[in-house]
There are 2 protein chains.
Amino acid sequence: MASIGQRNRLQYIILGLLNQRPQTGYDLAKAFENEIGEFWQAQHSQIYPLLRRMEDAGEITHEDTVAGEKLAKKQYTLTSSGHDKLVDWVSEPSPELTPSKDEFILKLYFIKTDADPRIQPMLREQLRLHQTQLDHLKSRQETVFPTAAAKQQAYGHYLILDHAIERERDYVAWLSKYLTD
Amino acid sequence: MASIGQRNRLQYIILGLLNQRPQTGYDLAKAFENEIGEFWQAQHSQIYPLLRRMEDAGEITHEDTVAGEKLAKKQYTLTSSGHDKLVDWVSEPSPELTPSKDEFILKLYFIKTDADPRIQPMLREQLRLHQTQLDHLKSRQETVFPTAAAKQQAYGHYLILDHAIERERDYVAWLSKYLTD
DNA sequence: GCTAATCATGTAATTAATTACATGTTTCAA
DNA sequence: TTGAAACATGTAATTAATTACATGATTAGC
């Protein structure tokens with residue numbers, strides 16, 4: 001059997017993105033550069049084979065188009081079966097807390113005393129990183145959701161961007177709590 | 001070559017845990033049940049083969065012991081080379097922001113309008129989940145770090161537990177912001 | 001007109017991680 | 001005393017994910 005594993009979440013992300021609008025594999029790969037990339041990552045080398053399997057499974061179909069003289073594109077669309085699968089997934093409970101895989105936090109864990117001279121530089125480095133990320137997310141919010149109407153039209157997107165902003169704000173606050181200068 | 005990939009972080013976690021005290025593979029697997037499990041997960045089926053490879057690489061060694069009549073145990077210890085590798089890893093910058101892979105947030109992203117009736121039940125489910133986790137972490141903090149001296153002796157552990165608590169507290173606050181009842 | 005960036009699609013090789021299979025010992029509680 | 005839970009170690013099979021290899025077209029700027 002060449003079926004798709006139960007916990008492969010990328011397939012659902014692809015279904016969700018194609019439900020927003022028909023897209024190419026290239027477009028799907030680029031989607032991870034915006035907010036959804038805060039919560040999942042995938043390379044084109046994982047996406048193209050998965051699109052093939054999902055099409056074989058009857059969840060999506062594609063239409064061949066040509067851009068310019070001869071640049072071939074495959075525009076993928078949801079089938080009604082794919083749409084059903086997406087709705088089922090969103091409707092299911094999500095009872096799992098996935099570990100966050102934060103390498104800095106892992107390193108902190110192995111530091112024994114508060115006198116360790118590595119702590120403060122590490123905190124400063126992370127503060128810079130998360131402050132930069134916070135600034136980036138805030139400017140994204142201003143450009144993507146400048147009006148109340150924009151919020152309305154992509155409410156889920158607004159929510160997860162707001163969540164990412166709060167997360168970074170709180171991370172910065174936590175780091176500041178332990179910074180001595 | 002049967003070398004270990006550059007980004008395999010589990011090896012560093014194992015080095016760090018063995019630096020705390022000599023342990024068996026079984027002990028290492030159990031370690032993910034406490035706070036470090038909030039930030040990484042690994043099964044014994046991944047740990048045992050990795051211990052073998054790390055020993056082949058000269059980073060750790062083991063001593064065979066027997067518990068009771070004949071229960072064989074392998075007590076692993078860091079070599080000085082393994083200790084160096086741990087120190088190098090902790091001292092390196094950690095400039096990567098890893099996506100958090102929160103399935104609930106992924107689902108939210110695909111909800112179009114604030115009138116969608118699925119939103120409120122989903123928020124309530126997550127609130128229950130994260131409130132339970134927050135309560136658990138707070139009680140862990142009370143039992144593991146009852147005194148200031150306890151904090152001193154495992155400061156990194158204290159920091160990451162505090163971080164996990166703040167994270168859950170903030171998650172609960174964020175969910176509450178969008179709950180209408 | 002050139003050239004770099006971006007668009008576009010794929011495969012191959014490897015590593016990381018999960019789930020299932022497999023076996024045996026010791027301890028604790030009913 | 002017996003049965004379940006926990007201790008203890010491994011391998012096999014599969015899937016997920018990353019990195020590298022591979023090719024070609026179009027667009028935007030110099």
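Values below: every heavy atom of this structure, side chains too, minus hydrogens, waters and symmetry copies. Below, chains carry the letters A, B, ... as their sequence lines are ordered, and counting in each starts from 1. These figures come from a predicted structure and were not determined experimentally.
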Between B:R118 and A:V90, the two heavy atoms sitting closest are NH1-CG1, 3.6 Å

Is the shortest side-chain N/O distance from A:Q46 to OP1 or OP2 of D:dA17 below 4.0 Å? yes

Rounded distance (Å) that lies between atom P of D:dA16 and atom CD of B:Q41: 18 Å

Of all heavy-atom pairs between A:R167 and B:S100, which one has the smallest distance, and what is that distance? NH2-OG, 3.9 Å

Answer yes or no: are there more than 12 heavy-atom neighbours, outside B:K85 itself, under 6.0 Å from its atom NZ? yes

At under 4.0 Å, does any side-chain N or O of B:Y26 touch on OP1 or OP2 of D:dT9? no

Selection: residues 65-77 of chain B, any non-hydrogen atom under 4.0 Å of DNA chain C: B:A67, B:G68, B:E69, B:K70, B:L71

In a table with atom names and distances, give each donor-acceptor pair under 3.5 Å that connects a side chain of residues 40-51 of chain B to protein atoms at least two apart or in another chain.
{"from": "B:Q41", "atom 1": "NE2", "to": "B:F32", "atom 2": "O", "distance (Å)": "3.4"}
{"from": "B:Q41", "atom 1": "NE2", "to": "B:G37", "atom 2": "O", "distance (Å)": "3.2"}
{"from": "B:Y48", "atom 1": "OH", "to": "B:Y26", "atom 2": "N", "distance (Å)": "3.4"}

Distance check: side-chain N/O of A:R7 vs OP1/OP2 of C:dT19, anything under 4.0 Å? yes

In whole Å, what is the span from the OH atom of A:Y12 to the C1' atom of D:dA16? 14 Å

Interatomic distance where OH belongs to A:Y48 and P belongs to C:dT11 [whole Å]: 11 Å

Round to the nearest Å and state the distance from B:I47 atom CD1 to D:dC7 atom C1'. 15 Å

With sequence neighbours left out, write down each residue that passes ring-ring contact (aromatic ring centres under 6.0 Å, His included) with B:H62, or none if nothing qualifies. B:Y76

Does a side chain donor of either A:E103 or B:W89 reach within less than 3.5 Å of an acceptor in the other side chain? yes

Check this for me: B:R124, atom CZ, are more than 12 non-hydrogen atoms of other residues, nucleotides or ligands nearer than 6.0 Å? yes

Atom CD of A:E63 and atom P of C:dT9: how far apart are they, to the nearest Å? 14 Å

Nearest-nucleotide wise, let me know which of B:S45 and B:D27 is further upstream toward the 5' end of DNA chain D. B:D27

Taken to the nearest whole Å, CD/B:Q43 to P/C:dA16 is 16 Å

A:K101 has an atom NZ; how far is it from atom P of D:dA16, in whole Å? 14 Å

Taking the side chain of A:K30 as heavy atoms from C-beta outward, which of C:dC7, D:dA17, C:dA17 is closest to it? C:dC7

Whole-Å distance separating the CG atom of B:N8 from the P atom of C:dT18: 12 Å

